[in-house]
There are 2 protein chains.
Amino acid sequence: MQDAPNRPYHHGDLRRAVIETALDMLREEKGWQFTLREVARRAGVSHAAPYKHFPDKAALLAEIAMIGFDRLRESLSAAKSEAPKTLRDEITPIARAYVAFGTENPALYRLMFSAGEDKVVGMHLNERALAVFDVALETLRRGQAVGSIRKRPIEGQAAAWWGLIHGMTMLAIDGLLVPEKVGSAPLDAALSTLVEGLGNPAT
Amino acid sequence: MQDAPNRPYHHGDLRRAVIETALDMLREEKGWQFTLREVARRAGVSHAAPYKHFPDKAALLAEIAMIGFDRLRESLSAAKSEAPKTLRDEITPIARAYVAFGTENPALYRLMFSAGEDKVVGMHLNERALAVFDVALETLRRGQAVGSIRKRPIEGQAAAWWGLIHGMTMLAIDGLLVPEKVGSAPLDAALSTLVEGLGNPAT
DNA sequence: GCCCTTAAGTAGTCGCTGTCAACAATGTAT
DNA sequence: ATACATTGTTGACAGCGACTACTTAAGGGC
């Protein structure tokens with residue numbers, strides 16, 4: 001467009017470039033105003049070019065949110081320990097990975113949970129989001145089978161897990177977990193309560 | 001401005017009217033784009049009039065967010081039961097009131113936790129937000145004194161409480177608590193786990 | 001090797017927004 | 001009565017999302 005003189009008329013892989021650029025922008029700062037024109041500028045194309053690949057801004061954001069959920073799920077899967085000794089050892093690394101994902105990608109994480117306002121887009125987005133829930137379900141199910149977890153309706157336990165982790169992540173992103181109020185390791189403390197709530201007292 | 005012919009030049013109480021109008025707009029629909037000019041239109045003043053009372057849009061939103069936190073705190077205080085028999089009876093009504101506040105005012109609740117991105121505004125906003133945390137602290141402290149709650153660092157228990165409730169509220173707002181996945185009463189189920197994690201097993 | 005359809009880029013425009021500056025009307029203190 | 005501060009109004013500006021019309025390149029059939 002302006003800087004590269006010999007750039008060809010057609011970008012060639014603009015769709016991917018737009019997504020990549022947008023992800024970069026999200027990573028930069030959480031106070032940032034996400035703008036379609038800025039994405040185009042950084043990608044070196046005209047302001048209307050992205051419309052050839054996405055019907056509107058919301059569609060691009062939804063796509064990015066889906067990628068976010070996929071990455072989060074991967075992070076969680078990667079964080080699973082193979083041979084956990086205790087319930088606490090099983091839950092802690094996953095929870096830490098979850099919260100870390102949120103605090104390291106605050107704008108992306110926030111987007112993931114606010115891009116689904118449109119009904120039909122929200123459907124597809126929620127599918128991906130619920131894949132995260134499945135990670136919790138799976139872990140807890142194994143715990144119940146082994147006997148380290150109380151016999152309770154597993155969806156309820158998974159809801160508690162997701163609610164607590166998601167909530168702590170959000171609070172962390174919003175800077176509400178101030179040490180003077182909430183202690184120096186609020187996540188670990190909260191996990192203690194969660195583990196004691198999930199764990200089988202007979203063990 | 002246009003509809004009322006005999007309206008005086010000066011509104012008289014525009015600051016309050018702007019806030020009230022904005023709250024109405026937030027209440028209407030969560031997909032709504034909040035616009036300063038639309039607020040002015042509905043309040044029947046010119047598009048620049050609100051600037052005489054708020055330096056910019058963010059300042060108005062921050063003010064509204066503070067009101068939201070105050071109202072939430074009032075809701076929680078009002079929901080406290082006087083003579084709870086069990087820990088569950090003590091926690092449930094407050095938690096229900098919290099989540100109900102969020103699901104009944106989704107746009108407001110979301111705003112409350114996203115208006116604090118500016119550093120200095122965020123400070124004041126976080127003060128109000130932490131007042132909500134204090135409600136949890138107070139309740140749990142009494143529980144520990146009575147003996148219905150495990151002796152653990154109380155900030156950690158309060159963090160678990162807030163994280164779980166805040167998380168469940170957010171998930172509910174986002175429509176992620178679908179019954180097929182998460183059961184028909186996910187909040188109650190999650191509260192079971194929370195109560196079992198907080199509660200003193202000796203009782 | 002040419003042509004023609006079509007995908008993928010461009011520029012230009014529209015209505016809308018947030019914000020600011022200049023001006024007008026009102027209330028208030030002296 | 002008059003000067004000043006407050007609180008309105010109008011008009012402007014740049015930037016945004018979205019649309020249309022135009023241009024450029026790529027590829028396939030003949």
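Residue numbering restarts at 1 for every chain, and letters A, B, ... go by the order of the sequence lines.
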K.L.:
The side chain of B:Ala49 is closest to which nucleotide in this list: D:dA18, D:dG8, D:dC16?
P.N.:
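Nearest to the side chain of B:Ala49 among the choices is D:dG8.
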
K.L.:
Please tell me which of the listed nucleotides, D:dA12, C:dT10, D:dG17, lies nearest to the side chain of A:Ser46?
P.N.:
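Closest nucleotide to the A:Ser46 side chain: C:dT10.
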
K.L.:
Does A:Lys52 make a side-chain donor-acceptor contact with the base of C:dG9, cut-off 3.5 Å?
P.N.:
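Between C:dG9 and A:Lys52, which were checked side chain against base, a qualifying N/O pair under 3.5 Å is present.
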
K.L.:
For B:Lys85, is the NZ atom crowded, meaning more than 12 foreign heavy atoms sit under 6.0 Å from it?
P.N.:
no

K.L.:
With nearest nucleotide decided by heavy atoms, which residue, A:Thr35 or A:Pro55, maps closer to the 5′ end of DNA chain D?
P.N.:
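Closest to the 5' end, via its nearest nucleotide, is A:Thr35.
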
K.L.:
Without swapping roles, check the side chain of B:Ser148 against the backbone of B:Gln144 for a donor-acceptor pair under 3.5 Å.
P.N.:
no

K.L.:
Below 4.0 angstrom from OP1 or OP2 of D:dG8, is there any side-chain N or O of B:Arg15?
P.N.:
no

K.L.:
Among C:dC20, C:dG18, C:dT10, which nucleotide sits nearest the side chain of B:Ala48?
P.N.:
C:dC20

K.L.:
Return the orientation label for the A:Phe113 and A:Phe69 ring planes: parallel under 30°, perpendicular over 60°, tilted otherwise.
P.N.:
perpendicular

K.L.:
Do other residues, nucleotides or ligands put more than 12 heavy atoms under 6.0 Å from B:Arg73 CZ?
P.N.:
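No, the 6.0 Å shell around CZ holds no more than 12 heavy atoms from other groups.
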
K.L.:
Nearest to the side chain of B:His47 - D:dT7, C:dG18, D:dT10?
P.N.:
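Of all the options, the side chain of B:His47 is nearest to D:dT10.
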
K.L.:
State which of C:dG9, D:dG17, D:dT7 makes the closest approach to the side chain of A:His53.
P.N.:
C:dG9

